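Right, one structure below, let's go through it.
Below, all heavy atoms of this structure are taken into account, side chains as well, without hydrogens, waters or symmetry copies. As the structure is a prediction and not an experimental result, all values here were calculated from the model.
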Amino acid sequence: MHVLILGGTTEARRLAELLEAELPAGSRVTSSLAGRVARPKLPPGEVRVGGFGGAGGLAEWLRSHQVHALIDATHPFAGTISFHAATAAAAAHVPLLMLRRPGWVPGDGDDWHPVGSLAEAARALPELGRRVFLTTGRMGLAAFADLDELWFLMRSVDAPEPPYPARMETLLDRGPFTLEGERELIRRHRVDVLVTKDSGGAATAPKLTAAREARIPVVVVRRPPAPEGGAVAGSPEEAVAWLREQPGQGVSGG
């Protein structure tokens, strides 16, 4: 049995760990990483880095490497790769599962401003605050580059490349983050507005609680469209359960 995980997320690493323990001897787990992070946390099993060359290239990889199941555990904002995965899986006749962490939901006391893109987030900012905690990653900073009147604290795993805002401090860090740490960042940097993508999950959620406590607005970029239909799991454990249900997959009952 050979399982290909399109990864790069915490859930993808956890799934690889579970499958290493549960798959029968002689099985293979390959995790594919996009290569956008300089020093990623590598999952167990085989790892490949880089693209496939579109849906056609991925379909050929599935066939040539005799993949029995494809699990798309990419980031909710990876976008294009999920559509390529759906097309490739159908072409290669390989079962496909989308592993997606649930999105965030506002609670009592939250002041959320949902937007459809980073560009829309940038347009909303001048009316909401002057000191911005920007947690959307290092890609797409060009959308904020012309906001010279605002100050940004930008957090990402790797250092950004221009264009980006002129008044910007960069914080290189990787989640999970603590509530106390997020409170301190907001206090120390006098942040008065937070910008985030609706990534979901617990690893980066404390910033939302800290923003609620500080009574500051949060600009939330909505998730892009994903392929409709097909199997979807909300956790690595659900993904393992899905694999158990596939004919002839041989995953143990653990």
Side-chain angles (χ1 to χ4, degrees), residues 8-11 14 73-79 82 98-145 147 149-157 160 164-165 167-226 232-236 238:
T9 60
T10 301
E11 291 79 9
R14 175 59 179 158
T74 55
H75 193 277
F77 283 82
S82 293
M98 288 204 312
L99 173 54
R100 287 290 182 269
R101 66 184 76 149
W104 290 319
V105 178
D108 292 341
D110 282 323
D111 180 15
W112 284 17
H113 299 258
V115 296
S117 66
L118 292 177
E120 191 176 339
R123 289 194 294 271
L125 279 177
E127 301 299 321
L128 295 174
R130 284 293 181 267
R131 296 183 66 82
V132 185
F133 186 13
L134 188 59
T135 65
T136 56
R138 65 188 178 93
M139 310 297 288
L141 291 179
F144 306 92
L147 297 177
E149 72 278 17
L150 305 185
W151 178 89
F152 291 84
L153 174 65
M154 194 284 298
R155 181 169 66 192
S156 68
V157 176
Y164 46 69
R167 300 175 62 206
M168 185 178 81
E169 180 175 332
T170 300
L171 175 61
L172 300 183
D173 203 356
R174 185 197 304 265
F177 302 107
T178 67
L179 177 56
E180 186 56 39
E182 301 294 58
R183 287 169 175 159
E184 174 60 20
L185 277 180
I186 289 174
R187 185 199 63 78
R188 185 170 72 249
H189 293 282
R190 295 179 287 116
V191 168
D192 58 14
V193 59
L194 167 68
V195 182
T196 184
K197 294 177 178 178
D198 180 16
S199 300
T204 60
K207 63 189 172 188
L208 301 174
T209 302
R212 182 191 312 130
E213 293 177 349
R215 300 182 181 276
I216 65 174
V218 181
V219 180
V220 182
V221 182
R222 292 187 292 265
R223 294 182 177 188
V232 179
S235 69
E238 289 180 19

Return yes if some donor-acceptor pair links the side-chain N/O of [X] with the main-chain N/O of [Y] below 3.5 Å, else return no.
{"X": "D192", "Y": "R130", "result": "yes"}
{"X": "R131", "Y": "V193", "result": "no"}
{"X": "R100", "Y": "T74", "result": "yes"}
{"X": "H75", "Y": "F77", "result": "yes"}
{"X": "T136", "Y": "L118", "result": "no"}
{"X": "E120", "Y": "G116", "result": "yes"}
{"X": "W112", "Y": "P217", "result": "no"}
{"X": "T9", "Y": "A73", "result": "yes"}
{"X": "R155", "Y": "F133", "result": "no"}

Self-check item: Heavy-atom pair of closest approach, residues P76 and S199
Solution: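 Closest pair (atom of P76, atom of S199, distance): CG-O, 3.6 Å.
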Salt bridge or not between [X] and [Y]? Use side-chain N to carboxylate O under 4.0 Å.
{"X": "E11", "Y": "R14", "value": "no"}
{"X": "E213", "Y": "R183", "value": "yes"}
{"X": "D198", "Y": "R222", "value": "no"}

Mind checking the [atom1]-[atom2] spacing from [X] to [Y]? Nearest 0.5 Å is all I need.
{"X": "L153", "Y": "R190", "atom1": "CG", "atom2": "CZ", "result": "12.0 Å"}
{"X": "L128", "Y": "D111", "atom1": "CG", "atom2": "CG", "result": "7.5 Å"}
{"X": "W151", "Y": "R167", "atom1": "CH2", "atom2": "CZ", "result": "9.0 Å"}
{"X": "L134", "Y": "S156", "atom1": "CG", "atom2": "OG", "result": "9.5 Å"}

Self-check item: E127, CD: over 12 other non-hydrogen atoms inside 6.0 angstrom
Solution: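 Not buried by this count: 12 neighbours or fewer within 6.0 Å.
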Quiz item: Does any non-hydrogen side-chain atom of M168 lie less than 4.5 Å from one of P160?
Solution: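 Yes - at least one pair of side-chain heavy atoms lies under 4.5 Å apart.
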